[in-house]
Amino acid sequence: DAQNITVTDVLPTGLTLVSVDSQPPGLFVLTTVTGSFSAYLPLLQAGAAVPLNLVVLVDPALSGSTLTNVVSATTTTPDADLRNNTATTSATVLRSDLLITKQGPATMLPGATASYTLTIANIGPSVALNVTATDVIPAGLILISASIVSGTANLNISASGVSVFKSVLLPNGAEPVVIVLVVAVDPSVAGTTITNVAGITATTADSNLNNNTATAVSRGLAAPPPTL
């Protein structure tokens with residue numbers, strides 16, 4: 001039998017200990033401090049095993065990182081083999097997957113107005129931090145208004161276009177943000193192709209960059225003849 005067993009685990013940076021307990025509960029005397037814990041067991045019979053279960057909170061800033069956790073055990077009883085007194089496990093933190101879509105009219109009439117609908121979401125399994133979406137209005141269009149019609153975010157409007165900022169965007173498409181832009185169509189676009197590109201970024205890692213831009217292409221119609 002082993003006496004006075006102490007199990008120590010120093011968590012990797014960015015992990016916060018939520019709970020730790022044994023199965024069955026209450027066998028260990030637990031001591032927790034920020035970033036680590038120790039568990040004391042007075043006696044462990046030969047051949048016995050007692051699981052310790054840890055629940056941790058993962059900082060979203062670790063998205064895409066590989067974390068390595070090392071745990072060790074000591075006893076006051078002489079140990080015949082010290083090589084198996086430590087254990088290591090590694091895991092990769094899953095990433096977010098930002099998505100942006102843009103819808104616009106197939107044609108635009110010079111002298112009239114037109115609208116674009118911009119949608120941003122996080123369809124990945126992890127939270128996205130400091131998400132910024134930008135839409136620069138192409139030449140020949142004048143931004144009249146922009147408004148968030150679904151979801152919440154900070155919207156910044158300028159003469160050149162809009163930017164949308166959200167500090168935390170929840171995963172699995174839980175809270176998409178939809179913005180509607182209204183533009184005035186200048187007569188100069190008659191007979192031309194109007195291409196509007198929007199993009200999205202975040203400070204956390206993104207598993208798929210292919211859906212981080214969206215394009216709407218419209219054709220400028222011929223200007224209507226003047227009314228006599």
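Just the heavy atoms: all of them, side chains too, but no hydrogens, waters or symmetry mates, feed the values below.
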Would you check, one step at a time, whether the test side chain to side chain donor-acceptor pair (under 3.5 Å) holds for Thr152 with Lys166?
CA-CA 8 Å; Thr152 59; Lys166 192 169 180 66; 3.1 Å; yes
Ignoring hydrogens and geometry, is there a side-chain-to-backbone donor-acceptor pair from [X] to [Y] under 3.5 Å?
X: Thr75; Y: Thr77; answer: yes
X: Asp1; Y: Ala46; answer: yes
X: Asp206; Y: Asn208; answer: yes
X: Arg219; Y: Ala106; answer: no
X: Asn122; Y: Leu169; answer: yes

Cut-off 3.5 Å, side chains only: do Ser90 and Thr66 have a donor facing an acceptor?
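The criterion, which ignores hydrogens and geometry beyond distance, is not satisfied for Thr66 and Ser90.
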Do the side-chain N and O atoms of Tyr116 and Asp135 include a donor-acceptor pair separated by under 3.5 angstrom?
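Checked: Tyr116/Asp135 side chains show no N/O donor-acceptor pair below 3.5 Å.
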Going by the rule side chain to side chain contact (heavy atoms under 4.5 Å, CB included), which residues pair with Thr204 if we only count those two or more places apart in sequence or in a different chain?
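Side chain to side chain contact (heavy atoms under 4.5 Å, CB included) check on Thr204 returns Ser63, Ser96, Ala128, Leu129, Ala202.
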The criterion is side chain to side chain contact (heavy atoms under 4.5 Å, CB included); which residues satisfy it with Thr89, sequence neighbours excluded?
Asn69
Do [X] and [Y] have side-chain heavy atoms sitting under 4.5 Å apart?
X: Thr8; Y: Phe37; value: no
X: Leu15; Y: Leu57; value: no
X: Thr68; Y: Thr88; value: yes
X: Val164; Y: Ile179; value: yes
X: Leu155; Y: Val162; value: yes
X: Leu98; Y: Asn211; value: no
X: Val71; Y: Val7; value: yes
X: Pro171; Y: Pro125; value: no

Is [Y] reachable from [X] through a run of I, L, V, M, F, W or Y residues, each pair having side-chain heavy atoms under 4.5 Å apart?
X: Val136; Y: Val183; answer: no
X: Leu170; Y: Ile100; answer: no
X: Val131; Y: Val177; answer: yes
X: Met108; Y: Ile137; answer: yes
X: Val197; Y: Leu143; answer: no

Run the side chain to side chain contact (heavy atoms under 4.5 Å, CB included) test on Val20 and Leu30 for me, step by step, so that the C-alpha distance in whole Å, both residues' side-chain angles and the decisive distance to 0.1 Å come before the verdict.
CA-CA 8 Å; Val20 56; Leu30 302 174; 3.9 Å; yes
Euclidean distance, [Y] [atom2] relative to [X] [atom1], rounded to 0.5 Å:
X: Thr31; Y: Tyr40; atom1: OG1; atom2: OH; value: 11.5 Å
X: Ser188; Y: Leu141; atom1: OG; atom2: CG; value: 8.5 Å
X: Thr132; Y: Phe165; atom1: OG1; atom2: CZ; value: 5.5 Å
X: Ser145; Y: Leu181; atom1: OG; atom2: CG; value: 7.5 Å
X: Leu52; Y: Asp21; atom1: CG; atom2: CG; value: 8.0 Å
X: Leu11; Y: Ser36; atom1: CG; atom2: OG; value: 7.0 Å

Between [X] and [Y], what is the shortest heavy-atom contact and its length?
X: Ala114; Y: Val185; result: CB-CG2, 4.2 Å
X: Val189; Y: Ala139; result: CG1-O, 4.4 Å
X: Gly64; Y: Thr92; result: O-CG2, 4.2 Å
X: Pro24; Y: Ser22; result: O-OG, 2.8 Å
X: Pro176; Y: Ala121; result: CB-CB, 4.1 Å

Test Thr193 against Thr195 for side chain to side chain contact (heavy atoms under 4.5 Å, CB included), laying out the working first.
CA-CA 6 Å; Thr193 299; Thr195 302; 4.0 Å; yes
Begin with the C-alpha distance, continue with both residues' side-chain angles, and end with the deciding distance and a verdict on side chain to side chain contact (heavy atoms under 4.5 Å, CB included) for Leu27 and Leu41.
CA-CA 7 Å; Leu27 293 181; Leu41 184 65; 4.2 Å; yes
Evaluate side chain to side chain contact (heavy atoms under 4.5 Å, CB included) for Val93 paired with Leu67, printing each intermediate quantity in order.
CA-CA 7 Å; Val93 181; Leu67 305 181; 3.8 Å; yes
Using the side chain to side chain contact (heavy atoms under 4.5 Å, CB included) definition, which of the options Thr117, Thr119, Leu118 pairs with Thr101?
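Considering Thr117, Thr119, Leu118, a side chain to side chain contact (heavy atoms under 4.5 Å, CB included) with Thr101 is found only for Thr119.
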Answer yes or no: are there more than 12 heavy-atom neighbours, outside Gln45 itself, under 6.0 Å from its atom CD?
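No, because the 6.0 Å sphere around CD of Gln45 holds 12 heavy atoms or fewer from other groups.
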